[in-house]
Amino acid sequence: MSPHVLVLGGTTEARALAAELSARPGTRVTTSLAGRVTRPGAVAGELRVGGFGGAEGLADWLREQRVDAVVDATHPFAETITANAARAAAATGLPLVVLRRPGWQPGPGDHWHPVPSLAAAAGLLPRLGHRILLTTGRLGLAAFAHLTEPHFVVRSVEPPEPPMPPHTHVLLARGPFTVAGETALLREHRVDVLVTKDSGGAATAAKLTAARDLALPVVVVRRPPLPDGVTAVGDVPAVLGRLDALGRP
């Protein structure tokens with residue numbers, strides 16, 4: 001019987017992993033997306049969209065589909081699905097490999113303010129500036145909705161929904177971005193503070209270089225911790241090596 005790998009996706013690394021696994025003869029690959037983006041990129045293998053109904057629903061699906069291994073290659077801040085994947089893998093006795101691209105690290109000239117949450121970021125902003133580029137995604141704007149004085153430039157892939165700050169300008173864009181483009185954006189909107197999650201990766205890292213060049217403070221929301229007993233690998237080759245070591249696929 002062909003081995004079946006479930007890839008919990010939504011990242012560039014997930015698409016690359018699905019392509020690598022699909023190229024292996026006899027391997028069945030299913031990529032699952034949460035469905036929050038209306039036009040997801042193409043993926044190799046099978047695709048399913050939507051939730052599972054929590055950890056129990058995911059465990060049931062793994063049994064029904066005769067999955068042999070689970071790879072969590074979701075966004076580093078998708079903590080709910082990561083927790084559900086850990087619980088479902090434990091309940092079914094399946095191996096779980098978590099893929100997390102390395103986080104960003106500050107360098108010389110950076111003015112970073114690490115915070116544990118969006119709420120903490122919002123609490124810090126009034127002391128740092130008044131024109132803010134917010135690149136934390138469309139789903140967490142409620143944490144900033146009470147800030148009535150600053151002007152926000154909110155960049156996201158999909159249109160955000162309220163509540164959001166009263167003085168908000170929305171930019172719809174998808175990376176990768178360039179340093180020149182990010183610098184022009186910061187200057188055009190007279191941004192004096194950048195807020196970002198520590199997503200890692202090169203596609204959206206140019207804003208950090210642009211902020212450094214302009215000597216702007218950057219509020220960086222730290223990643224949530226992984227579930228107890230769960231460790232992560234940093235790239236697609238490491239996932240393939242872990243699966244090979246397990247004999248799956």
Side-chain angles (χ1 to χ4, degrees), residues 1-37 40-52 55 57-59 61-105 137 174-176 197-205 222-249:
M1 182 177 295
S2 300
H4 185 191
V5 180
L6 172 66
V7 178
L8 301 172
T11 60
T12 301
E13 293 81 7
R15 289 193 293 274
L17 176 63
E20 290 280 355
L21 290 173
S22 294
R24 294 185 169 194
T27 299
R28 178 186 174 194
V29 184
T30 301
T31 297
S32 177
L33 303 178
R36 291 173 177 169
V37 177
V43 297
E46 302 174 27
L47 176 66
R48 73 171 301 280
V49 179
F52 291 95
L58 175 55
W61 192 92
L62 295 174
R63 296 186 187 101
E64 292 167 1
Q65 297 297 318
R66 300 189 177 185
V67 171
D68 296 287
V70 181
V71 179
D72 174 8
T74 57
H75 192 275
F77 285 81
E79 54 186 317
T80 298
I81 186 58
T82 294
N84 287 343
R87 290 172 55 196
T92 56
L94 294 178
L96 169 68
V97 182
V98 178
L99 170 57
R100 289 290 183 271
R101 67 182 77 130
W104 293 315
Q105 298 296 325
R174 184 194 300 269
K197 292 179 176 178
D198 181 16
S199 300
T204 59
R222 292 190 294 263
R223 297 177 176 188
L226 291 170
D228 290 342
V230 174
T231 59
V233 298
D235 56 27
V236 170
V239 174
L240 296 174
R242 183 75 64 87
L243 292 173
D244 288 340
L246 294 167
R248 308 180 189 189

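The model shown is predicted, which means the values in this text are computed figures rather than measured ones. We're numbering straight along the sequence, starting at 1.
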Taking all non-hydrogen atoms of both residues, which atom of [X] and which atom of [Y] are closest, and how far apart?
| X | Y | answer |
| --- | --- | --- |
| Asp68 | Pro3 | OD2-CA, 3.3 Å |
| Pro76 | Arg223 | CB-NE, 3.7 Å |
| Thr31 | Gly9 | CG2-CA, 4.2 Å |
| Leu246 | Pro95 | CD1-CB, 3.5 Å |
| Pro102 | Gly234 | CD-O, 3.6 Å |
| Ala14 | Val7 | CB-CG1, 4.1 Å |

Spacing of [atom1] belonging to [X] relative to [atom2] belonging to [Y], to within rounding of 0.5 Å:
| X | Y | atom1 | atom2 | value |
| --- | --- | --- | --- | --- |
| Arg66 | Arg28 | CZ | CZ | 10.5 Å |
| Leu94 | Leu6 | CG | CG | 9.5 Å |
| Arg24 | Leu243 | CZ | CG | 7.0 Å |
| Ile81 | His75 | CD1 | NE2 | 14.5 Å |

**Study point:** Among Thr27, Leu62, Val67, side chain to side chain contact (heavy atoms under 4.5 Å, CB included) partner for His4
**Key:**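 Output: one option passes, namely Val67.
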Practice item. May I have the step-by-step check of side-chain contact (heavy atoms from CB on, under 4.5 Å) for Arg222 and Asp198, ending in yes or no? Key: CA-CA 6 Å; Arg222 292 190 294 263; Asp198 181 16; 5.8 Å; no
Exercise for review: Output yes when a side-chain donor or acceptor of Thr74 lies under 3.5 Å from a complementary backbone atom of Leu8, and no otherwise.
Suggested key: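 It does not hold such a pair.
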Practice item. Give a yes or no on whether the backbone of Ala202 and the side-chain of Trp104 come within a donor-acceptor separation of less than 3.5 Å. Key: no
Point to revise | side chain to side chain donor-acceptor pair (under 3.5 Å) involving Arg48 - partner list, sequence neighbours excluded | key: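 Arg48: side chain to side chain donor-acceptor pair (under 3.5 Å) contacts with Ser32.
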Review point. So, do Thr11 and Arg101 sit near enough that their side-chain heavy atoms are less than 4.5 Å apart?
Key: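 Yes, side chains in contact.
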Review point. Quick one: side chain to side chain donor-acceptor pair (under 3.5 Å) pairs with a partner in residues 79-91, sequence neighbours left out?
Key: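 Matches after skipping sequence neighbours: Glu56-Arg87, Asp72-Thr82, Thr82-Arg100.
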Point to revise | Thr30 and Gln65: CA distance, side-chain angles, deciding distance, side-chain contact (heavy atoms from CB on, under 4.5 Å) verdict | key: CA-CA 10 Å; Thr30 301; Gln65 297 297 318; over 6 Å; no
